[in-house]
Amino acid sequence: MDQRGSESPPSALACAFVSSGPSVPASYTENPSQSSTLTASDVEALIHQVLSRSSTALSVTSVGQLCELGLELTFSNKGVDVQDPQTGQLIGTGRKIGCLFELSFLQTPTHLAGAVTTLIASSNLWHERLGYASLPRVQLLASQERKHRHILNTVRALLIFASLPERFWGEAALTAIYTINRVPSLTIHNQTPYERLYGSTPNYSLLRVFGCICFVTLPPHERTKLEPRSRLCCFLGYGITQKYNSSSLDEPSTTASNLPDSTTNPPAASHTPKPSHELRRSDRVRAPPTHLHDYHCFSVFTTIHEPHSYREASVDPLWQKAMSDELDALSKTHTWDLVDLPLEKFAVGSLRRLIQAWCTQNASHGIDRIPTPKPPLDKFQVIKLIKHLSKPQLQLETVRQLELLAAGSERNRNPMVEAGVPKAMLLFIATCFKNQQINGVEEALSVLNFIPVPSGELKQDLSENDCIIDSLTWVLCCEMENHAAVRSHAMIVLKTIIKPGSSSAVLETLKPEFFKAIVGVLRSGNITQEGINAALHVLLEASAWGRNRIMMLEAGAAFELIELELGLPERRTTELILGILFHLCCCADGRAQFLSHSGSIAVLSKRILTVSAAADDRAVLILSMICKFSAGTYPVLQEMLRVGAVAKLCLLLQIDCAAYLKEKAREILRSHSKEWKHSPCFGVNPREIYI
């Protein structure tokens, strides 16, 4: 150190610190003319700058500490000046960075060298006060936190999987640590912690499922001769002085350890615990009884071959002798008499054939022959049939065979689903659409009607082949012999594709031809009732999207739905129709097309209070939108009065129904009471009665 003193590295002067709160005023006493206010964001930036400068020797220096050294500090907006009062020399300067004053240099005078050393030594205390830790310690704490979280997640999974209460968390934690220590880790080159510690590979045959059922052997002094030799327990982990830990299902506090041989101790410390007391053994001489000296026992049954068929048994001398003895016994007891076969008769090979022969002889009396059972269908047989679809000359015959199998028995459908028959039929229909051929399409749709496409495979099939919906639309427009059944089956397949919760990618890609085909089928009437409901389900799901509503209206869906409702369909059909009309009437074009039909308001009036609560809800909401947006013309209001819609709304106010329906009806009557005040449904003052 020279006469002028030693120069210290740059440091940051913390002028004020706050722990919480919006702001804390801090005045610099060394320069009373200036003051500043720190906000919470300033404090965060201040601490960040302090921590970022932690590598310097004089990391954090407060104003008070420099004042205690006898130095004079002058703060300004430009920076800070440090002056020795004894010599009057400027020994340090600094600049202002944010809320900190960073010293560019500081020359420590000779008479203050000891005090500066004490100041530097106390900097670690400031780091601890600020919650700062060194980088290695932060990494160590993060590693410990990750390992603790790993163990806790494993404990939670073990308890949930085993359906055990939380009081067994200790056993689950020990089991988790025992298992983790025997799992290879990438950080130690795919070795296990156990192998690193003890130098040998762990014995994985000891591992058991946590919470599984186990049977613990009871020692002889804990049971009698007639009591069970084991106890039903629950496996709870691996012991230290015993092989396994378990808890009795009858007595939760019981622990035992006599499961199959294993050890959980390391190889260097493995030992067998000594029993607490010696078991009593008899010292008498054991010898076989004298009456067995003249007998010899042989294990003859272990050498006898068990035949699997009559052909094997007929050539075995032992079985031939056994069958002869049996027949002789039956003959002696006259169970039956053995006679020669008549010339006009034939021998029956089994009881089933005997019964079938009797049924054939008595067929004239109305007795049917018992069919011969067929072996169950195998998955690999179906896969072999599916492979034949790649050959054009075998496609039609293969599809017909698959249809017969699907319609023949319920047990045939599970192996057909496992073999991928639904996907194969969809691809077959798509291929027919590309080739513009209809042979086999009816049979393929029939198979899909018996075996619906699984939901998990449907999304993948649509993503892999984007022409499946186009091919089904093409089927709706084709003319076939049994077109009513074909269209119904195609609608059912479309219903499985476009269903509640289906992907938005499917609903967003529907084309105008799709809706024109469905509306055309409903207009023609060549479809079954099941197919009509399936088509209405498809339209209901698609009408939730605005672009689909426009295409449905361009196809004339609203007009055709009213025509369909005029035919007095079943209750479920009416609910679906009113649901679709509600979505269509949400737009102006839909309301215009709805009112263009002369029977639209009349059919709504007839369905209120006659079908179901769901139908009432949709009908009242449709009338509400008509009266609110499209009732500007006088003829619409007069038509509602003439067909009885106003009377039904008044009746809703008198009966027991949903509160929101009454409010909707009251709102409609209130908004057009001037036009309907002369109606007999209203009294002298309608506002006093209903409004």
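Index from 1, following the sequence.
Side-chain atoms of Asn412 come within 3.5 Å of backbone atoms of Leu405 as a donor-acceptor pair (strictly under, hydrogens ignored). Checked by atom type and distance alone, the side chain of Gln593 pairs as donor or acceptor with a backbone atom of Leu553 at under 3.5 Å. Although no hydrogens or angles enter the test, the distance criterion places no donor-acceptor pair under 3.5 Å between the side chain of His597 and the main chain of Phe594. The main-chain N or O of Val643 is found under 3.5 Å from a side-chain atom of Ser605 such that the two form a donor-acceptor pair.
Under the rule for a side-chain hydrogen bond (donor to acceptor under 3.5 Å, both in side chains), Glu145 has no partner lying at least two apart in sequence or in another chain. In this structure, Lys606 has no side chain to side chain contact (heavy atoms under 4.5 Å, CB included) partners at least two apart in sequence or on a different chain. Listed by chain and number, the residues in a side-chain hydrogen bond (donor to acceptor under 3.5 Å, both in side chains) with Gln393 amount to none (sequence neighbours excluded). Glu513 meets the side chain to side chain contact (heavy atoms under 4.5 Å, CB included) test with Lys511; sequence neighbours excluded.
No side-chain donor from either of Gln395 and Thr431 sits under 3.5 Å from a side-chain acceptor of the other. Using modelled atom types, one finds a donor on one side chain and an acceptor on the other under 3.5 Å when comparing Ser446 with Glu403. Donor-acceptor pairing under 3.5 Å is lacking for the side chains of Asn548 and Ser543.
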Give the table of side-chain donor-acceptor pairs shorter than 3.5 Å for residues 574-589, with sequence neighbours excluded, one pair per line with atom names and distance.
{"unit_1": "Thr574", "atom_1": "OG1", "unit_2": "Glu565", "atom_2": "OE1", "d": "3.4"}
{"unit_1": "Thr574", "atom_1": "OG1", "unit_2": "Glu565", "atom_2": "OE2", "d": "3.1"}
{"unit_1": "Thr574", "atom_1": "OG1", "unit_2": "Glu570", "atom_2": "O", "d": "3.2"}
{"unit_1": "Glu575", "atom_1": "OE1", "unit_2": "Arg572", "atom_2": "NH1", "d": "3.2"}
{"unit_1": "Glu575", "atom_1": "OE2", "unit_2": "Arg571", "atom_2": "NH1", "d": "2.8"}
{"unit_1": "Glu575", "atom_1": "OE2", "unit_2": "Ser612", "atom_2": "OG", "d": "2.6"}

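Identified under the side-chain hydrogen bond (donor to acceptor under 3.5 Å, both in side chains) test for residues 613-627, with sequence neighbours left out: Asp617-Tyr660.
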